[in-house]
Number of protein chains: 2
Amino acid sequence: MPTIKDIAEMANVSRTTVSRVLNNSGYVSDEVRKRILKIIEETGYVPSEHAKSLRTKKTKAIGVILPKISTETSSRLVSGIDEVLAEKGYQILLANTNLNKEKEIEFINLLKSRQVDGIILTATNINDELINEIKRVSMPFVVIGQEIPGVSNVLYDDYHAARAIISLFIEKGHQKIAFIGVDESDRAVGYWRKKGYLDVMKEHGYSVEPEWVQKGIFDIQSGYDAMKRIMEQSKIRPTATFAVTDRLAIGAMQYLKEKGYAIPADMALAGIGASEISHYVSPSLTTVDYLNEEAGKAAAKLILDKILKNDSSIKKITLNYRLLIRDSV
Amino acid sequence: MPTIKDIAEMANVSRTTVSRVLNNSGYVSDEVRKRILKIIEETGYVPSEHAKSLRTKKTKAIGVILPKISTETSSRLVSGIDEVLAEKGYQILLANTNLNKEKEIEFINLLKSRQVDGIILTATNINDELINEIKRVSMPFVVIGQEIPGVSNVLYDDYHAARAIISLFIEKGHQKIAFIGVDESDRAVGYWRKKGYLDVMKEHGYSVEPEWVQKGIFDIQSGYDAMKRIMEQSKIRPTATFAVTDRLAIGAMQYLKEKGYAIPADMALAGIGASEISHYVSPSLTTVDYLNEEAGKAAAKLILDKILKNDSSIKKITLNYRLLIRDSV
DNA sequence: CTGTTAGCGCGTTCAT
DNA sequence: ATGAACGCGCTAACAG
């Protein structure tokens, strides 16, 4: 790999001059410029970003920490982030925690050591250690999906989305509504979506049997298992079920179809996420579209504002959602 | 951000000593080590990877160029790559071409300027410019999905996978088989999968009507459109259709269901990709699982071998596939 | 066991 | 219009 020094020597000029044509700064005669450009072309010389970063303190790279790479949510998010970032010549440095909470902190430091210009974290939980770490890094930081104090957040409206679904069920005449959730350490998905469910039920004066409230993890199988428990254990059988993610809902649907229950006649069903698959199962699944790409774009814009405009304000952006009413209700 | 110099001053030692405790190299008294570590802890100091890279010529980062971020194939691939890379402390620097061929070359240079230790490219086409560019970069390079001469490749067995599907159709008694493909500039998906189809048809002496061979792009809608053309234009109506991707097949399925055709009675259907959705449509779609995660892992291992073991050999790895026979045939 | 020195590749004054 | 000299933060001989 040639360096600026090599190019300078080959062109019989100083490194400074080469640097000038590289950055279009200062004066340099046309003749010399042509000569230098030609040599750069021939050698395939590319200036080292590291050396540059060392001087300029800028890397044009943004660290993106994800809980899981291969999910639709993540890939849409990254796609949105990349779209906005690429426009300004920024790149993504990826970090995948695989749902391991300690890794979130580890990666924040790793990205810091790589001198990224900013970090976007898709959080799955909130804990003090994490909050402290974020405060310590003192660099542009945006959190997606969880409301963490002291930093800019891009949030989904989990509470109201959940309320919207339960309200829809009630509109359709349901009163006995079951719930498949996840652990509440995930405030957004676990806590707020559940609260939306419970609040609406309470406001309407509908009781919630303990067997109706089940918990799974983030996969299809656990949705299946949860629905099985609901159907087998409930003394009063519910007529509708709200699963906090599409995957859980799809799993629940599998169980119901397998056992010969009609959807939505015997059991109405809804999820959240607007996964592609939700569209193509039969019956098609009622769900909420969180517009992940928009979230990614919003986060990227936020971080670019912080970097480019030196905007250090703390913003909370709550995104819109779209209720997609389909055949499962 | 404190530097090694700051830490050294605070600890009343030289930068070298700090560097030693940082890298566990050379001797340093326990007392001094403790003192330094304490200060590092307190200040939240993290050494700059850029400065380090500048010296060591290593970045522990691998550039990954993708044609599109938010597809199942990509995310599985990245997931597999990351799994292997993370184990060795390497990170992914992401570059998304959005199917823009010129960007492939642009990104190769960009990644080069970032001094990544290697590049993994998921190629969608083969052209001389690209081949030349890859040869020029002279750094560990692995291409996934297309057979590019002169570099290590991880390949899917497109030809035989296509053959397997057509053979399956024929086994089930089909003789009039249609085809939905993509442009042949994509050698792997466009050319080889088509060749597999044509060859098997020819070997069995079955004719292929021109209307049976349609072309789409990579989305569901174009699968729908292609199937529409097949059904509306064919003088002799086929009884089975092979679409080169699941998305095309799903689109085709949509059309058939909409028009009231029974699957597989009126028309059998198969795709390639083993997308999650293929499992949950009804009828479930027969498809080929390309084990993208394995491909990602294989590519990552190849590149790590090149980097860590200085292995400069050119390898071609052709992956296995699994035929998933489901209800659509 | 610890410090001094040099240099990685680049951008940036400041001279000329 | 061009170059010399310096320093970004770090590691790696080499001395002691």
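Chain letters run A, B, ... following the sequence lines, proteins first, then strands; residues in each count from 1. Every heavy atom of this structure was used, including side-chain atoms; hydrogens, water molecules and symmetry mates were not. Computed from a predicted model, the values in this text were never measured in an experiment.
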Calculate the interatomic distance between [X] atom [atom1] and [N] atom [atom2]; express it in whole Å.
X       : N      : atom1 : atom2 : result
B:Lys58 : D:dG9  : NZ    : C1'   : 19 Å
B:Asn23 : D:dA13 : CG    : P     : 13 Å
A:Leu22 : C:dT12 : CG    : P     : 12 Å
A:Lys5  : C:dG11 : NZ    : P     : 16 Å

Those residues of residues 28-44 of chain A lying under 4.0 Å from DNA chain D by at least one heavy atom:
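A:Val28, A:Ser29, A:Val32, in order of number.
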
Which residues within residues 8-20 of chain B lie with some heavy atom under 4.0 Å of an atom in DNA chain D?
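Result for residues 8-20 of chain B: B:Arg15, B:Thr16, B:Ser19, B:Arg20, sorted by number.
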
Before accepting this row, confirm whether a basic side-chain N of the pair [X]/[Y] lies closer than 4.0 Å to the acidic partner's carboxylate O.
X        : Y        : result
A:Glu49  : A:Lys52  : yes
A:Lys103 : A:Glu106 : no
B:Lys34  : B:Asp30  : yes

Would you tell me whether [X] and [Y] have side-chain atoms, one donor and one acceptor, within less than 3.5 Å of each other?
X        : Y        : result
A:Tyr191 : A:Asp158 : no
B:Asn125 : B:Ser185 : no
A:Thr71  : A:Ser74  : yes
B:Ser152 : B:Lys306 : yes

DNA chain C: 5'-proximal contact among B:Tyr27 and A:Val46 (nearest heavy atom):
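Its nearest nucleotide being more 5', the pick is B:Tyr27.
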
Enumerate the residue pairs fulfilling ring pair (Phe, Tyr, Trp, His ring centres under 6.0 Å) with a member in residues 62-98 of chain B, sequence neighbours excluded, ordered by first and then second residue.
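Checked against ring pair (Phe, Tyr, Trp, His ring centres under 6.0 Å) - neighbours excluded - no pair reaches residues 62-98 of chain B.
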
Name every residue in residues 48-57 of chain B that has at least one heavy atom under 4.0 Å from any atom of DNA chain C, in order of residue number, or write none if there are no such residues.
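Nucleic-acid contacts, sorted: B:Leu54, B:Arg55, B:Lys57.
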
Close side-chain approach of B:Thr97 and B:Thr122, heavy atoms under 4.5 Å
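Result no, sub-4.5 Å side-chain heavy-atom pair not found.
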
Between B:Leu93 and B:Leu111, is there a side-chain heavy-atom distance shorter than 4.5 Å?
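Counting from C-beta outward, B:Leu111 and B:Leu93 do come under 4.5 Å.
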
Which label fits B:His50 and A:His50: parallel for a plane angle under 30°, tilted from 30 to 60°, or perpendicular past 60°?
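Answer is tilted, since the angle falls between 30° and 60°.
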
Hey, could you give me the CG/CD1 distance between A:Leu37 and A:Ile40, rounded to the nearest 0.5 Å?
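Here the interatomic distance stands at 5.5 Å.
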
What pairs meet the salt bridge (charged side-chain N to carboxylate O under 4.0 Å, His left out) rule with one or both residues in residues 69-88 of chain B, with sequence neighbours excluded?
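Sorted result for residues 69-88 of chain B: B:Glu72-B:Arg76, B:Glu83-B:Lys297.
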
Bending between helix ends of the helix from C:dC1-D:dG16 to C:dT16-D:dA1 [5 pairs per end, 10° resolution]:
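The value is 40°.
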
